[in-house]
Amino acid sequence: MSVLAHWCYRRRLLTVLLWLGVLVGLGAASTAAGSNYNDSQSAPSSESTKAIDLLRATMPAVSGDTETIVWHTDSGTVRDNAVQTRMSRMLGEVSHSPGVGSVVGPYSPQGASQVSKDGKTAYAQVIFAKNAQDIPDSQVKRVITLAEHTRTDGVDVQLGGRAVGNVTQPSLGATSEIVGISAALIVMLLVFRSGWAAVMPVLTGVAGVGTGLFATMLLSHAMSINSIAPTLGTLIGLGVGIDYALFIVNRHRQGLMSGLDVPSSITRALSTSGRAVVFAGLTVVIALFGMFALGLSMLNGMAIAAALTVILTVAAAITLLPALLGLLKLRVLSRSQRRQLAATGPVQLSRATIWERWAGAVQARPIGKAAVAVVIMAAIAVPVFSVRLGSSDAGNDPKTTTTRQSYDLLAKGFGPGFNGPLSLVAETASAQDRAALATLAGRLEHLPGVAQVVAAPATAGQRVSSMTVVPTTSPQSAKTSALIKTLRHDVIPQAEQGTTLRVLVGGPTAISEDFTDSLVSKMPLFIVIIVGLGCLLMMVAFRSVLVPLIGLAMNLLTMGAGFGVLVAVFQWGWGSEALGAGKSGPIEVFVPILVIAIVFGLSMDYQVFLISRMHEEWGHSKDNRRAVRVGHGATGQVITAAGIIMGCVFASFAFGGQRVIAEFGVGLATAVLLDVFMLRMVLVPALMHRIGPANWWLPRWLDRALPRLAMEGDEEKAPEPPKVLEDAAH
């Protein structure tokens, strides 16, 4: 690290220009190439995926996503001449729009059942030739425009469906980033009392995130990456990028005030805190790459995009930041500190006495404080025991969106199941198979939980048929999930018995169900992988058995509390509407996976920064009580500042009106803040005081077997402080 720091300092202008060139070059390339994001959530080899593939191969015109146009009248009925004429004309124009395979309206014999019993509400199904993620926005916007032009004071017209949701979903824009960065600047100004010192971590974080976003856009052409990956990368990258730079800047300022010249101070900062930053970034990347164990391309793409952003923010922290610090020289200190340094020579930065006093208080009564922290974390985690994973639907969209309003109109006029129909795709190779399918349709009409069965018209010689089964409950209801299992395991196998008939259950609701089952079944393996690798890294870094186990226990507490808040806010509905994230519903199944990976990595970060200082003191004194107290007091201010910064960045993404991003923002902000204030500042030092010197025990055979990794304070001896530079007062 010292060689890298020296090179970046000596060639500081070149380093800054290289980063600027990379940022501009990637920006130009990504702008020219555009993006090619893929929002498919299908699970490979699942029944719902096979149903889609079968339809796509045999009936491509009806294999795409189905969007819905809903209209409602308060006076008269939808069959009144004026309403029928106006809506029929619009549906005709929609049917001839680019990308539309077919339109089934309520004024045709095929769609006669698409009018509510009271005659006030009707809907039309617009079937595209492609899946939602493959439909050009211009084609969807054309349909939306045609439908909305028919809206009058007496007739309300709304649209629903995945493609419509993709186009009309609220955009976060730059508001969240601006809010998060502004909060970070305020915190760093309070900590450093220097504008330049506060700006440096932000510049570094923005450089890392910017290159990460542009690289992700280009990467989307080579692999499947979800459209929320850039937002997720920004959320993580800003948080870790600013925090990592904060630790290095803080160590550099300490070096300057102790009398080191600028290059020596930068070298020591990179050789100490820089090493911890690299290690911390590595833990986050490893946790993210653990998602590959789940075997889903959607999560693989998101993991790569997020990990790439983290890697680039670490690269910015250990290359661009030293160059910027070299250009600033002593201006990274406040004016009063520079005057003090010029007048009196080497001095210590003013100590954060509140954290030293707190470290002494934890040492004096560790058991009581640890008990309070455990009780608080456990109470916050209680809701996690009622967690229900799944996929939210348009009913969870904000009230003002057209997708939410169309959902509510359909639920009121036809029942909640109309918002999540199941699609049964059947292979009928013989007349016997077609007869068995007809018998199945008749049985389904009387099956509990089924509101309606609509069979698509068949043509002579057709070997693949489809029918729509409308549940009596909403798509996100547990009863709808139970209906899918009943169809697959009981009803359909009985109908297939003795024939060559094969029936597959598909549709958006079944896809979500299969995706959820696939993730839940593989989640234990994922947790074991990231926990095992994390513990191994901690053992290598700190030559201890108990320190990694303490860190593991803390991470589990952090994740439990974060999930508890997620359940309370989004599943129980304690504030989801206020966040603009719609009403209560299940937690998106992939959110816990990503939250586990990110929180585990970030929790390990804070454990690294806290324990590395304790480990340094332990190496000097071999006094556990002193090592824990000094490490706790010395890192308290910077760790809490870093936690507040990251919490503010994460929380700023919770108010953008996008439910999935809001779940990430709330879960991560809560987990990080609780982790810092309850665990790293209370529970971890309290436990280490009670355990004593055994904290640092490692069997000799294991010590010989493990590779050695120099952490903060373990590397080469720092250079002796030279005389203060003459520009100290400038």
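For reference, positions follow the sequence shown, starting with 1.
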Flag the pair [X] / [Y] as yes when at least one side-chain heavy-atom distance between them is below 4.5 Å, and no otherwise.
| X | Y | result |
| --- | --- | --- |
| Leu683 | Leu557 | yes |
| Asn250 | Met188 | no |
| Ile596 | Phe563 | yes |
| Leu282 | Leu537 | yes |
| Glu663 | Leu566 | yes |
| Leu232 | Thr309 | no |
| Phe385 | Val567 | no |
| Val599 | Asn555 | no |

[atom1]-[atom2] distance between [X] and [Y], expressed to the nearest 0.5 angstrom:
| X | Y | atom1 | atom2 | value |
| --- | --- | --- | --- | --- |
| Ile644 | Ile186 | CD1 | CD1 | 12.0 Å |
| Ile266 | Leu321 | CD1 | CG | 8.5 Å |
| Met291 | Phe590 | CE | CZ | 11.0 Å |

Taking only residues two or more places apart in sequence or in another chain, which ones pass side-chain contact (heavy atoms from CB on, under 4.5 Å) with [X]?
| X | answer |
| --- | --- |
| Thr211 | Trp19, Val22, Leu23, Leu26, Leu312 |
| Ser474 | Tyr407, Pro416, Gln476, Ser477 |
| Ala28 | none |

Does [X] reach the main-chain N or O of [Y] with its side chain, forming a donor-acceptor pair under 3.5 Å?
| X | Y | result |
| --- | --- | --- |
| Arg659 | Phe570 | yes |
| Ser406 | Gln158 | no |
| Gln637 | Trp355 | no |
| Arg335 | Arg331 | no |

Run the side-chain donor-acceptor check on residues 189-201: report pairs under 3.5 Å with partners two or more places apart or on a different chain.
unit_1, atom_1, unit_2, atom_2, d
Arg193, NE, Leu190, O, 3.3
Ser194, OG, Ala197, N, 3.3
Ser194, OG, Val332, O, 3.4

Can you list, pair by pair, the side-chain donor-acceptor contacts under 3.5 Å of residues 664-679, counting residues two or more places apart and other chains?
unit_1, atom_1, unit_2, atom_2, d
Thr670, OG1, Val666, O, 2.8
Asp675, OD1, Arg680, NE, 2.8
Asp675, OD2, Thr558, OG1, 2.6
Asp675, OD2, Ser603, OG, 3.2
Asp675, OD2, Arg680, NE, 3.4
Asp675, OD2, Arg680, NH2, 2.9

Residues at least two apart in sequence or cross-chain that pass salt bridge (Lys or Arg N to Asp or Glu O under 4.0 Å) with Arg404, listed by chain then number, are Asp408, Glu577
How about Phe292 and Phe289: are their ring centres within less than 6.0 Å of each other? yes
